[in-house]
Amino acid sequence: MGQAQNLQLQVTVQEAEEANSPVHINATNQSTISQPRTFMQWLQMTIFALFVLSGQSAAILLGRFYYDKGGKSKWTATLVQVAGFPIIIPYYYISPPENPTKNSIHRHEPSTLIIALIYVSLGVLQAANSMMYSVGLLHLPVSTFALICASQLTFNAFFSFLINSQKFTPFIINSLVLLTISSALLVFQTNSMNPTGNSNVIYEIGLFCTVGASAGFGLMLSLTELSFHKILRRETFTVILEMIIYQSLVATCATLVGLFASGEWKGLKREMDEFELGKFIYVSTLIWTAIAWQIFNIGAVGLIHEVSSLFSNVISVLGLPVIPVLAVIFFHDKMDAVKAISMVLAI
């Protein structure tokens with residue numbers, strides 16, 4: 001009897017070790033990807049995709065609206081991109097508990113320090129990206145800004161290849177080439193084609209920050225996918241909410257430090273008083289911008305968890321060519337030949 005129990009214990013330990021081995025993890029991931037998706041999974045992916053498309057378009061247009069009507073604080077524009085996470089905290093606490101599965105029983109839980117490092121690193125990176133996006137949106141027409149943001153897919157594909165072992169197919173390569181040309185047309189315009197009233201130096205700063213933010217966003221998506229699949233390895237919606245809440249909390253703290261350190265907080269009351277459409281519209285604009293960015297974040301992180309960072313970015317880039325059309329309608333941006341060709345290539 002004792003030998004049989006020892007043998008059973010050895011087999012159990014061996015199975016646990018094999019379950020945690022990289023080979024088993026990769027095999028599990030591959031089998032999960034190869035399995036046909038259920039109706040609920042397709043429904044979730046559709047909802048996440050709609051969140052990405054609607055949230056991103058609304059957030060960028062509201063951000064431009066804030067600047068056009070008298071907003072001047074880059075740190076405030078950055079803060080609303082990351083500070084909307086409290087609206088999902090109630091849902092996090094009322095969401096159903098995680099059901100244990102065979103994979104979760106054998107899963108080796110990462111330490112609290114590792115999890116904290118993930119959230120802090122991604123949160124700081126998110127704050128930096130959001131700041132660069134704010135500077136780019138301040139100095140560029142919204143149509144130019146949106147089309148250059150399409151380059152984030154190129155950066156994301158590059159980082160996915162290095163970090164997530166993403167395989168490049170002819171379709172992916174073709175898309176990356178077209179998007180690179182689309183963004184390059186706008187980035188390398190001659191100085192005489194500067195469509196803003198700002199100096200060429202300011203315009204170039206806007207271009208540089210937007211390209212830098214696109215690169216940082218692509219990197220952040222790849223690192224998020226790596227965290228989900230290699231470290232956290234939990235297949236529930238709760239882990240998506242945790243990633244958004246804690247990452248956004250760190251990003252909000254970092255942005256608040258920048259807001260107070262820069263001294264911009266001193267001029268917020270004056271900015272509100274001088275806003276063209278009044279204090280109520282000023283506050284409403286900031287609130288709805290924060291909500292829109294949070295809707296986008298839920299959709300983007302959800303697609304990373306369900307599929308991959310590259311697919312999440314594909315859906316994000318899919319909506320960017322629509323924004324220049326909306327910018328022409330609402331902000332009277334000029335649609336010249338270069339922008340038109342760039343938009344066609346992006347589509």
Side-chain angles (χ1 to χ4, degrees), residues 48-49 51-53 55-57 59-60 78 81-82 118-119 121-137 140 144-169 171-187 206-231 240 243-244 247-248 250-251 293 296-321 323 342 345-346:
F48 287 147
F51 278 7
V52 168
L53 295 173
Q56 175 180 248
S57 299
I60 292 177
T78 302
Q81 295 181 46
V82 298
I118 291 174
Y119 293 147
S121 301
L122 292 176
V124 172
L125 181 58
Q126 182 183 8
N129 291 339
S130 299
M131 181 58 183
M132 287 190 288
Y133 274 133
S134 297
V135 175
L137 191 57
L140 297 178
T144 304
F145 172 83
L147 290 172
I148 293 178
C149 283
S151 64
Q152 69 192 34
L153 183 59
T154 304
F155 292 110
N156 182 217
F158 174 73
F159 290 124
S160 294
F161 176 77
L162 294 180
I163 299 174
N164 310 121
S165 300
Q166 174 73 45
K167 293 181 179 180
F168 279 7
T169 65
F171 294 104
I172 293 177
I173 295 174
N174 180 60
S175 299
L176 297 182
V177 170
L178 291 177
L179 281 170
T180 302
I181 297 174
S182 172
S183 300
L185 285 175
L186 298 174
V187 172
L207 291 174
F208 176 79
C209 287
T210 305
V211 173
S214 299
F217 184 72
L219 174 61
M220 186 175 69
L221 291 183
S222 295
L223 292 176
T224 301
E225 180 181 353
L226 179 69
S227 302
F228 276 143
H229 295 165
K230 300 297 183 182
I231 301 176
I240 299 176
M243 176 68 76
I244 295 173
Q247 177 180 324
S248 298
V250 173
W293 277 120
F296 168 79
N297 287 335
I298 293 174
V301 177
L303 288 177
I304 293 173
H305 184 267
E306 291 295 326
V307 190
S308 69
S309 62
L310 189 60
F311 182 80
S312 177
N313 215 345
V314 165
I315 299 299
S316 174
V317 170
L318 181 66
L320 289 176
I323 297 176
S342 177
L345 288 173

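Residues: numbered from 1 along the sequence shown. We use all heavy atoms of the structure for the numbers below, so side chains are in, but hydrogens, waters and symmetry mates are not.
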| task | Inspect the surroundings of CZ in F51 and state if more than 12 heavy atoms from other residues, nucleotides or ligands are less than 6.0 Å away. | result | no
| query | Taking I304 as the fixed residue, which of H229, E225, M243 is the one that meets the side chain to side chain contact (heavy atoms under 4.5 Å, CB included) rule? | reply | E225
| field | Value rounded to 0.5 Å, distance of CZ in F159 from CD in Q152 | value | 12.0 Å
| said: Can you confirm whether S316 sits close enough to F296 that some side-chain heavy atom of one is under 4.5 Å from a side-chain heavy atom of the other? | reply: yes
| With L53 via side-chain contact (heavy atoms from CB on, under 4.5 Å) - residues at least two apart | I315, L318
| Going from OG on S312 to CD on E306, what distance comes out if it is rounded to the nearest 0.5 angstrom? | 11.5 Å
| query | Do you know the tightest heavy-atom contact between L303 and V52? | reply | CD1-CG2, 4.1 Å
| note | Heavy-atom closest pair (G218 atom, N156 atom, distance to 0.1 Å) is O-ND2, 3.1 Å
| field | Closest non-hydrogen atom pair between T210 and G136, with its separation | value | OG1-CA, 3.3 Å
| request: Over all heavy atoms of both residues, which pair between A127 and A251 is shortest? Give the atoms and the distance, please. | output: CB-O, 3.8 Å
| query | Quick one: does L125's side chain get under 4.5 Å of F217's, heavy atoms only? | reply | no
| message | Would you say that L162 contacts F158 through its side chain, given a criterion of any heavy-atom pair below 4.5 Å between the two side chains? | response | yes
| said: Using every non-hydrogen atom in the two residues, find where I118 and S227 come nearest and quote the distance to one decimal. | reply: CG2-OG, 3.5 Å
| How long is the gap from CE on M132 to CG on N129, to the nearest 0.5 Å? | 5.0 Å
| Value rounded to 0.5 Å, distance of OG1 in T224 from CD1 in I163 | 10.0 Å
| query | If you measure only the distance, is there a donor-acceptor pair under 3.5 Å linking the side chains of S130 and T78? | reply | no
| message | Less than 4.5 Å apart, side chain to side chain, heavy atoms only: is that true for F228 and V301? | response | yes
| task | Can you see which heavy atom on C149 is nearest to which on S214, and at what distance? | result | CA-OG, 3.6 Å
| query | Tell me, do I244 and I298 make a side-chain contact under 4.5 Å, heavy atoms counted? | reply | yes
| note | Interatomic distance, CD1@I60 vs CD@Q81, rounded to 0.5 Å, equals 9.0 Å
| task | Using distance alone, with no hydrogens and no angle criterion, decide if S248 and N297 have a side-chain donor and acceptor under 3.5 Å apart. | result | no
| Going from OG on S121 to CD on Q247, what distance comes out if it is rounded to the nearest 0.5 angstrom? | 10.0 Å
